[in-house]
Every structure is written in C-alpha cells, then in structure tokens.
Amino acid sequence: SAGIRAALARATTPSATTPFIEHLPRERFLALLKGAAAIVGNSSAGLIEAAILRVPCVNIGPRQSGREKPRNVIDCPYGTAAIRAALTKALALKRSRITHPYGDGQTGSKIANILAKAKGSNDPPRKKNSY
C-alpha cells in the first residue's frame, strides 16, 4: 500500500475532496462498490463482490491466476497502456449480462441436506481446494 500511496502522491495533487482512506467498513465498501463504474486492482473483491453487484473489474497482474473468474473480470498485465485498454473493455460491458459462478445463495441449505442424508462413514467428505 505504501507504493500505491507514493504513486498516487506523484500523479495527483491531494485535496480535501479526495481523502485517502486506509480502511472502509464492509457495509460502506459494498455500498461504494455498487455505485462504482468499475473496480481496478488485484483484489478478490473484483472477482467475488463486484460480480455479485454486477460491477466490471479490471484485474491487474497474476495475483488472481488460477481462480475461477466471472464475466465481469478483464485480466491485464501491468502497465499504463494495458490497464487503460482493459478499463475501456470493462466499461463497455453490459452490466445486465454480468453473472457470477458462485451459486444462488442456497449453498448452506444444500450442504445441510446432503449431510443429513449421508450415511455414517469412517471417511467423511472432505473439502477440496481448487487453487
């Protein structure tokens, strides 16, 4: 974060109307994200929360490599030209067509039903991480 702050300080003139905020409470972050034109960076919020809120995402660099990515995500390498081109693509996405691959909000109930029907076993089901 120190590098990002330094780059922003070199690129812009700080003013009272553009404060730097170290941390936002989740509710505030989600409210701001919902109203954003896009999210740009390499955070999983671009893949998960932004997809659910139908906000386009520019994912910079390899940090999220190997993760399932919804259609709101435009991957790009580092560099001003690449980021600018990806942002142009992201802003052209039709928000109504953005979907997310993470289920319908009923996962807990589905898991509970499967476990309730499962017969006892010495080898219980195990979670398998895909990343």
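Residue pairs satisfying the side-chain hydrogen bond (donor to acceptor under 3.5 Å, both in side chains) criterion with at least one member in residues 42-60, sequence neighbours excluded, are listed as follows: Arg26-Glu49, Asn59-Asp75. Sorted by first and then second residue, the salt bridge (Lys or Arg N to Asp or Glu O under 4.0 Å) pairs with a member in residues 30-45 form an empty list; sequence neighbours excluded. Sorted pairs that involve residues 78-103 and meet salt bridge (Lys or Arg N to Asp or Glu O under 4.0 Å), not counting sequence neighbours, are lacking altogether.
Evaluation of the side-chain contact (heavy atoms from CB on, under 4.5 Å) rule for Gln106 yields Asp104, Ser109, Lys110 as partners, not counting sequence neighbours. Evaluation of the side-chain contact (heavy atoms from CB on, under 4.5 Å) rule for Leu24 yields Ile21, Arg28, Phe29, Leu32 as partners, not counting sequence neighbours. Legend: residues meeting side-chain contact (heavy atoms from CB on, under 4.5 Å) with Leu87, ordered by chain and number and at least two apart, are Ala38, Val40, Val58, Leu91. The side-chain contact (heavy atoms from CB on, under 4.5 Å) test applied to Leu93 returns Pro56, Ile74, not counting sequence neighbours.
Clustering of Ile, Leu, Val, Met, Phe, Trp and Tyr by side-chain heavy atoms under 4.5 Å joins Ile98 with none of the others. Through ILVMFWY side-chain contacts below 4.5 Å, Ile114 is grouped with nothing and stands alone.
The heavy-atom pair separating Gly46 from Val73 by the smallest distance is O-CG2, 3.9 Å. Contact detail for Pro62 and Tyr78: the closest heavy-atom pair is CD-OH, 3.5 Å. Across all non-hydrogen atoms, the minimal contact from Val55 to Ala36 is CG1-O, 4.0 Å.
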